[in-house]
Amino acid sequence: MLFLATFTVGIGGGVVIGALTPWIALMRGIVPPLAQPITPFIMAANATLVIVFGLLARFNPWAGVIAAAVCKYGVFVLALKFILVLPPKLAQAFQIPQLLTALAGGVIAVIVYQALPEQYKRPS
């Protein structure tokens, strides 16, 4: 959804969506207590994904998906290595699975966006 949001409403809108959803989940009690410390990093990782994708997608959406997914993964890896201390199983959930889901989501989003009628596409 972050990729599609960036495609359709731009970087600013995508960043807002990517930051608000984890924060709302935290405020509503949806985030388990052990995962609560990673919430700000989820917000930062989502913002990173949106910004990198938004900047690159206008030139090559596929390169944008790859770079954005890798950068999002990098935010988590750096946070887990230098800032956060989480149980190993929880820490693993925010590493390779995040990279793979971002890549898969990006591929789906590019395909869906290309299939959208022009009226739903953001002007370049």
- Hey, quick one: are L20 and L26 part of the same hydrophobic cluster, counting side-chain heavy atoms closer than 4.5 Å, chains of contacts allowed? yes
- Identify the two heavy atoms, one from G14 and one from T6, that lie closest to each other, and give their separation to 0.1 Å. CA-OG1, 4.2 Å
- Query: Could you walk me through whether W23 and I42 pass the side chain to side chain contact (heavy atoms under 4.5 Å, CB included) check?
  - Reply: CA-CA 9 Å; W23 182 77; I42 295 170; over 6 Å; no
- Task: Would you kindly confirm whether L2 and V16 end up in one hydrophobic cluster when ILVMFWY residues are joined by side chain heavy atoms under 4.5 Å apart?
- Result: no
- Report the distance from atom CG of L4 to atom CD1 of I17, rounding to the nearest 0.5 Å. 10.0 Å
- Query: Hey, what do you get for CG (L86) to CD (Q36), rounding to the nearest 0.5 Å?
  - Reply: 11.5 Å
- Distance in Å, I38 CD1 paired with F94 CZ, rounded so as to fall on 0.5 Å steps: 4.5 Å
- Query: Out of V107, L49, V110, which residue meets the side-chain contact (heavy atoms from CB on, under 4.5 Å) rule with F3?
  - Reply: L49
- Item | Residue pair L99 / K72, side-chain heavy-atom distance below 4.5 Å | no
- Query: When clusters are formed by joining ILVMFWY residues with side-chain heavy atoms under 4.5 Å apart, either directly or through shared neighbours, do V75 and I51 land in the same one?
  - Reply: no
- Message: Is there a path of hydrophobic side-chain contacts, each under 4.5 Å between heavy atoms, that joins V77 and I83?
- Response: no
- If every non-hydrogen atom of G18 is compared with every non-hydrogen atom of P22, which pair is closest and at what distance? O-CD, 3.1 Å
- Item | Heavy atoms from other residues, nucleotides or ligands near CH2 of W62 exceed 12 (cutoff 6.0 Å) | yes
- Distance from L34 atom CG to L90 atom CG, nearest 0.5 Å? 6.5 Å
- Contact summary for V15 and V50, nearest pair of heavy atoms: N-CG1, 3.6 Å
- Would you check if L78 and F41 make a side-chain contact, meaning some heavy-atom pair closer than 4.5 Å? no
- Message: Is the shortest side-chain heavy-atom distance between I11 and L55 below 4.5 Å?
- Response: yes
- Item | Min side-chain heavy-atom separation Y73-I96 under 4.5 Å | yes
- Task: Please answer: with hydrophobic residues joined when any side-chain heavy atoms are less than 4.5 Å apart, are L80 and F82 in the same cluster?
- Result: yes
- Hey, could you give me the CD1/CG distance between I111 and L116, rounded to the nearest 0.5 Å? 12.5 Å
- F7 side, atom CZ; R122 side, atom CZ - distance, nearest 0.5 Å: 12.0 Å
